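First up is the structure itself, then whatever we jot down about it.
Here is the naming used below: chain letters follow the sequence lines, and residue numbers restart at 1 for every chain. Owing to the predicted nature of the structure, the values given are computational and were not obtained by experimental measurement.
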Amino acid sequence: MEHNDCCVLSPTRKRKLQENVTEMEAFPLNKLNQDLLERVLSWLPTSSFYRLTSVCKRWKSVTDSASFKLACYEVPSRDPWFFMVDPHMNQSTVFDSAERSWKKLNYPTLLQNCSNRDAIPVAAAGGLVCFRSDSGDFITCNPVTGSCRQLPQMQSARENLSLCAIAMGTSTADKLSYKLVLVTGELPRLSYKAYNSNINRWEEEILLKRNVDESQELESTDDSGVYFLSKAGNVVDLVVTDMHRSPSKQYSSVTTLAHGEEMVYFLSSSGTIVACNLTHKCFSEYPRLFPAFSEYSIDLVVCRGEMLVVALSEFCESASLRVWRYEEDSRSWQQIVMMPPAMSHEFYEKKVDINCVGAGDKILVCLSCPEFYSYVVCDLRTTEWTELPKCFTNGETVEFMSAFAFEPRIEASV
Amino acid sequence: MASTDDKVILKSSEGECFEVDMAVASHLQIVKSVLEDCEGSSDKVVSLFIVEAKYVAMIIEYYKNYVELKEKHEEGGFEEKLKEFEKQFLEQIDKKELKGLVMAVNYLNAPALFDVVCTAIAKHIENKSVEYVREYFGIVNDFTAEEEAQIREEHRWAYDGVNDD
């Protein structure tokens, strides 16, 4: 059957297209248009992208292209990288969960300044990690690009004195801006102050009211003087009068956004979990997961938008590491996953501290004690627990206390 | 507007003709706009000058499934079923064909398949060396040895893990 080409393209277009044919044969993809090139490169894992910037000048120039950054922004999620915290912070060591390898990133120049020498990471969100210097200044940083921003100083220094928690979150509307939230005060008098990157300013301090309904059902908080926590919430003994968490985890907290309500959760000095609802300007304390006087190490994480508790506890002559979720309906803690006993048993009677971070379906648990350091990833989807390989520098193992999770995003701006 | 019963004929660069449902062909933006330009004409043939028959067939296969799955899973689950099909679809395409397909899809302006093919190419090159990628795309290295060394130094971490120090 003979068809009439009634719908041919215009001659000029046609000639142009035919030229393309010959070009295509000679340089299959070299001449591909910019949109196509940028789209392909935006789907590459971040390390592969940087590696391939040395292919040619054109590929290298993509790094600075605004449309490329937009294409990257449209990639819905990237496998998390874990920014590792060690006692001598002057490097950026990350664990790339996509390539399952350790990487030593370039340490941002702003953090090498003498005034920021002692800055330690305290929070992370989206593609950014937030550092806090000894003098209480905050610096946000994209560990991948090395770009940094020193946040304006707060008017009063009072906040630093009674800091409870530092939380960071990206705006849900566009993911382009971020917020840093400081919860200050002492239970039951809490307030918070937020820095908004859009306006580059600290907002007014807001008082948080205790949620009366729930506090009635809680045991009295008067027992808070009875026992204290070590670094990551490990109950030590009855006479220690201070909490000994690693500086980086001291104010650590997690944020979630459920039903449009912005929440910040943190561990109080007495070991209870405090939930601050920033939207309704109130807070409440959750019932204890373990009875007072039992020995355990605890940390909070956020996975798939939900706050979870990871706890290492000892009983029946073994150690068990479990993840719990709080059921609002029954007002009780429900176990959702547990490390195989054979694996957790080696932590028995070792005074192991855990420091955890959640990212997507995964939880990274950093276990530390005088005898060893170990890093285990729990995948909530498959309920598998996998130990990370050891990290070596110059032939020696490097040991990390804790970690922060971020997405390696070239386009994340401070 | 064309109804879904309508057919259109797509002609490859070799002159091979493919009869396709409008519902399928309308996913190709270039075909859609050409047909809109000559609305009212009874015989619908669109010449795809630079696209070889094998790529026309692949693209039709993709969108045929796309349309069918969308109809069948109107209630939900379409995304997952499509992902499953896309996986199978890509498995039968070798790396050389992938390059031809991406050019064809780009030319025909077919957004859904464009993303699929771009991710497939990215997946193919993500663990490859710089040298392999140059060869794959037929790219000539236009850096001097010094420039290239400098770029590698800038992001040394992207070339090796800390373990290889």
- [ ] Would you mind listing every salt bridge (Lys or Arg N to Asp or Glu O under 4.0 Å) that reaches into residues 113-136 of chain B, with sequence neighbours excluded?
- [x]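 Only Arg39(A)-Asp115(B), Lys123(B)-Glu126(B), Glu131(B)-Arg152(B), Arg134(B)-Glu148(B) qualify under salt bridge (Lys or Arg N to Asp or Glu O under 4.0 Å).
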Task: Electrostatic pair Asp379(A):Arg381(A) at N-O distance under 4.0 angstrom - done: yes
- [ ] Using salt bridge (Lys or Arg N to Asp or Glu O under 4.0 Å) as the criterion, list what pairs up with Arg409(A), not counting sequence neighbours.
- [x] Glu407(A), Glu411(A)
Open item on the list: Can you tell me which of Lys60(A), Arg51(A), Glu99(A) forms the most heavy-atom pairs within a distance under 4.5 Å of chain B?
Closed with: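 Between Lys60(A), Arg51(A), Glu99(A), the count favours Arg51(A).
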Task: Option that, when pairs with chain B are counted at under 4.5 Å, heavy atom only, ranks first among Leu52(A), Leu41(A), Leu44(A), Val55(A) - done: Val55(A)
Task: Region of Val130(B) that comes under 4.5 Å of a non-hydrogen atom in chain A - done: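 Both backbone and side chain of Val130(B) come within 4.5 Å of chain A.
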Task: Region of Asn106(B) that comes under 4.5 Å of a non-hydrogen atom in chain A - done: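 For Asn106(B), the contact with chain A is made by the side chain alone.
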Task: Passing candidate, side-chain contact (heavy atoms from CB on, under 4.5 Å) with Tyr63(B), options Ile59(B), Ile60(B), Asn65(B) - done: Ile59(B)
